[in-house]
Amino acid sequence: MIKTRIAPSPTGDPHVGTIYQALFNRVFAHQNNGKFILRIEDTDRTRFNPESQRRLLEMLDWVGLPADESPTVGGPAGSYIQTERVANHQKYAAQMLEAGTAYRAFDTSAELEERRKIAEAAKASYRGYDRRDRDLSKAESDDQAANGEPFVIRIKAPLEGEVIVQDRLRGAVTFKATELDDKVLLKADGFPTYHLAAMSDDHDMGVTHVIRAEEWLTSTPIHKLIIQAMGWQEPEWIHTPLLRNPDKSKLSKRKSNTSVESYKDMGITPEALVNYLGMMAFSMPDGRELFNFTDLLEHFTWERVSLGGPVFDIGKLTWLNGRYIREVLTLEDVVVRAKPYLEQAGYDLSDTAKLTRVIDALRPRFDTFSEVAEKASYFYQDIVLEDKAKAKLEEGRGHLASLLPLLEPVAWTWDVIEPIIKGYAENAGAKLGAVMQPIRAALTGKLESPGMGELLEALGKELCLTRIKNAV
RNA sequence: GGCCCCGUCAUCUAGCGGUUAGGAUAUCGCCCUUUCAAGGCGAGUACACGAGUUCGAUUCUCGUCGGGGUCACCA
């Protein structure tokens, strides 16, 4: 059975790149009746953040890409938290040590740092580990370890030849052995590094396809070497293009908004986020831009993945979100999703019919839900008269005064009000705009709003008349 | 800097030897219109460069250039 995984580390805010990876992994697994699993890679104890895991799981649920097996839902593949698997990692490291495919290195961090600096000063092009302890005899090594000298376990990478990685998207990628170094497998604190942990967990959990970001490509030969040393089955490697900042560098918190939670907060719908991520590097065969996870299940292929790293463009995400608001979601849906933002602004939403009318009128006018409270302000709060609106109001005050008695007695629907206003303008020899804009200003305090009909009906007769009177 | 990956409008992309190089976002213009949006229509903007291969290269090969990634006891 096909198994894919994402293996995020619980160090910070849930990252859009993680969701991006989840999308690839989940789509591919589910296309093949496989399982998509989530493993928390928490072996870096110094950067561990206890909140991070819960928030990550929440975000996966929110976007609708939950894992089939994870720390919360469980599954047959043992613990889904990496630190709970360290006994295995240590066992494998010991086996490699025993087999001679790995060795103890007693260098201290300070020593390594020192040597790195010297190498840098000498402008040496390669600054990996210098393999000082690679050829320590077994007796020496055992001795030093027995004496309590701290050590790490490093892989014994080949000194010559080459390692060829078959990548699904890029074909054969060749690395010369001379470019590889003896990476740390097990740290001095007894925890594994990513290299050992990820590969052994993938093996133990039955992961068949490693779908991960391109940044891992250059460490894949080491991963392949670990797998070979242990005699495991090699997974298929698929390195997907990296999401980029506008300056083309790897998407980062510093230069872009990478926080899934913040997109949620600003009122990006999860459907739009997933859709947008889906069009990063991938395109539908028929070119459509609006699609969901099910559509991906049907049409996704690696052949349609382009390799240039896509710039994460918040402008286009926002536009796409707008399309979801006005084309994909039902009005009821939009109302439900807008509600929290309006409540937060302190509006009284007890009149459901009014709320629905307001949202309906505003629908083509906002792209993210965070904009809705501001756009709806004059429906729920006293107007704030803007300067330009004030000027218009003064120009048209006479019209307003004349119109008031005509409006007071009538039923408050646009089909009865419209002929009154138009008739009045005609009789007064005024342009329609010269009448309409002052009304709009009186009603909203602005010169921009939904159509007059929608405005009048949503506001209701009483409020409208009051505001016009106030203006006169 | 070494190594690895990548290279079509500003951005996301279609294209898989012969196309007026298509679509989308953004920008601008027009239409609709009581305003602003939305919507419709339209405009400008791209095959990085140089050699090959070929009757013919955006498409295949190589080189150059450019961008990115990586070179931690982080993932």
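Here is how names work: the chains are called A, B, and so on, in the same order as the sequence lines, proteins then strands, and each is numbered from 1.
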Phosphate oxygens OP1/OP2 of [N]: is one of them under 4.0 Å from a side-chain N or O of [X]?
X: A/T43; N: B/A75; result: yes
X: A/T193; N: B/C73; result: no
X: A/R170; N: B/C4; result: no
X: A/K248; N: B/G66; result: no
X: A/K250; N: B/U70; result: yes
X: A/R244; N: B/G68; result: no

From the options [options], select the nucleotide whose nearest atom is closest to the side chain of [X].
X: A/R116; options: B/A72, B/U35, B/C4; value: B/A72
X: A/W216; options: B/U70, B/A75, B/U35; value: B/A75
X: A/E214; options: B/G39, B/A37, B/C5; value: B/C5
X: A/T218; options: B/G69, B/C6, B/U25; value: B/G69
X: A/W319; options: B/U35, B/A24, B/U70; value: B/A24
X: A/Q437; options: B/U35, B/U70, B/C5; value: B/U35
X: A/K187; options: B/A75, B/U70, B/A72; value: B/A75

Quote, to the nearest angstrom, the [atom1] distance that separates [N] from [M].
N: B/U58; M: B/C65; atom1: P; result: 22 Å
N: B/G7; M: B/C60; atom1: P; result: 9 Å
N: B/C41; M: B/A46; atom1: P; result: 23 Å
N: B/A24; M: B/G18; atom1: P; result: 24 Å
N: B/A37; M: B/G15; atom1: C1'; result: 35 Å
N: B/G69; M: B/C30; atom1: C1'; result: 46 Å
N: B/U70; M: B/A51; atom1: P; result: 36 Å
N: B/C47; M: B/C16; atom1: C1'; result: 14 Å

What is the nucleic acid contact for [X], judged by heavy atoms within less than 4.0 Å: base, sugar-phosphate only, or nothing?
X: A/L217; result: sugar-phosphate
X: A/G308; result: sugar-phosphate
X: A/P8; result: nothing
X: A/S109; result: base
X: A/R363; result: nothing
X: A/A281; result: sugar-phosphate
X: A/S449; result: base
X: A/S219; result: nothing
X: A/V311; result: sugar-phosphate
X: A/G451; result: base
X: A/R304; result: sugar-phosphate
X: A/R326; result: sugar-phosphate
X: A/P10; result: nothing
X: A/M452; result: base

Complementary nucleotide of [N], counting Watson-Crick and G-U pairs under 3.5 Å:
N: B/G1; value: B/C71
N: B/G44; value: none
N: B/A24; value: B/U11
N: B/A51; value: B/U61

Whole angstroms only, please: what is the OH-P distance between A/Y378 and B/A37?
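Distance, rounded to whole Å: 13 Å.
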Whole-Å distance between B/A24 C1' and A/M284 CE?
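These atoms are roughly 15 Å apart.
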N/O donor-acceptor pair, side chain A/R47 with base B/C74, under 3.5 angstrom:
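Under the 3.5 Å cut-off, the side chain and the base do form a donor-acceptor pair.
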I'd like to know if A/K316 reaches the base of B/A24 with its side chain, counting only an N/O donor and acceptor under 3.5 Å.
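Donor-acceptor pair under 3.5 Å: yes.
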Comparing A/S249 and A/D42 on RNA chain B - which has the more 5′ nearest nucleotide
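Of the two residues, A/S249 wins.
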Report the residue (A/S9 or A/F366) whose heavy-atom-nearest nucleotide on RNA chain B is the more 5′ of the two.
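This one resolves to A/F366.
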Here's one to test your reading of the geometry: is the NZ or CZ of A/R45 within 45 degrees of the ring axis of A/F48 and under 6.0 Å from its centre?
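Relative to the ring axis of A/F48, which defines the angle, A/R45 lies inside both limits.
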Whether A/R104 engages the ring of A/F151 as a cation-pi pair (distance to the six-membered ring centre under 6.0 angstrom, angle to the ring normal within 45°) should be assessed.
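Yes; both conditions hold, so A/R104 lies above the ring face of A/F151.
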If you measure only the distance, is there a donor-acceptor pair under 3.5 Å linking the side chains of [X] and [Y]?
X: A/T258; Y: A/D13; answer: no
X: A/T220; Y: A/R212; answer: yes
X: A/E371; Y: A/T368; answer: yes

Mind checking whether A/Y194 and A/H223 have ring centres under 6.0 Å apart?
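Distance test on ring centres: under 6.0 Å, yes.
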For the pair A/R134 (side chain) and A/Y103 (backbone), establish whether a donor and an acceptor sit closer than 3.5 Å, ignoring hydrogens and angles.
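Checked: no pair found.
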Please answer whether the main-chain N or O of A/F191 pairs with a side-chain N or O of A/D189 as donor and acceptor at a distance below 3.5 Å.
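Between the backbone of A/F191 and the side chain of A/D189 there is a qualifying donor-acceptor contact (under 3.5 Å).
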Any idea how A/F300 and A/W302 line up, ring-wise: parallel (<30°), tilted (30 to 60°), or perpendicular (>60°)?
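A/F300 vs A/W302 ring planes: perpendicular.
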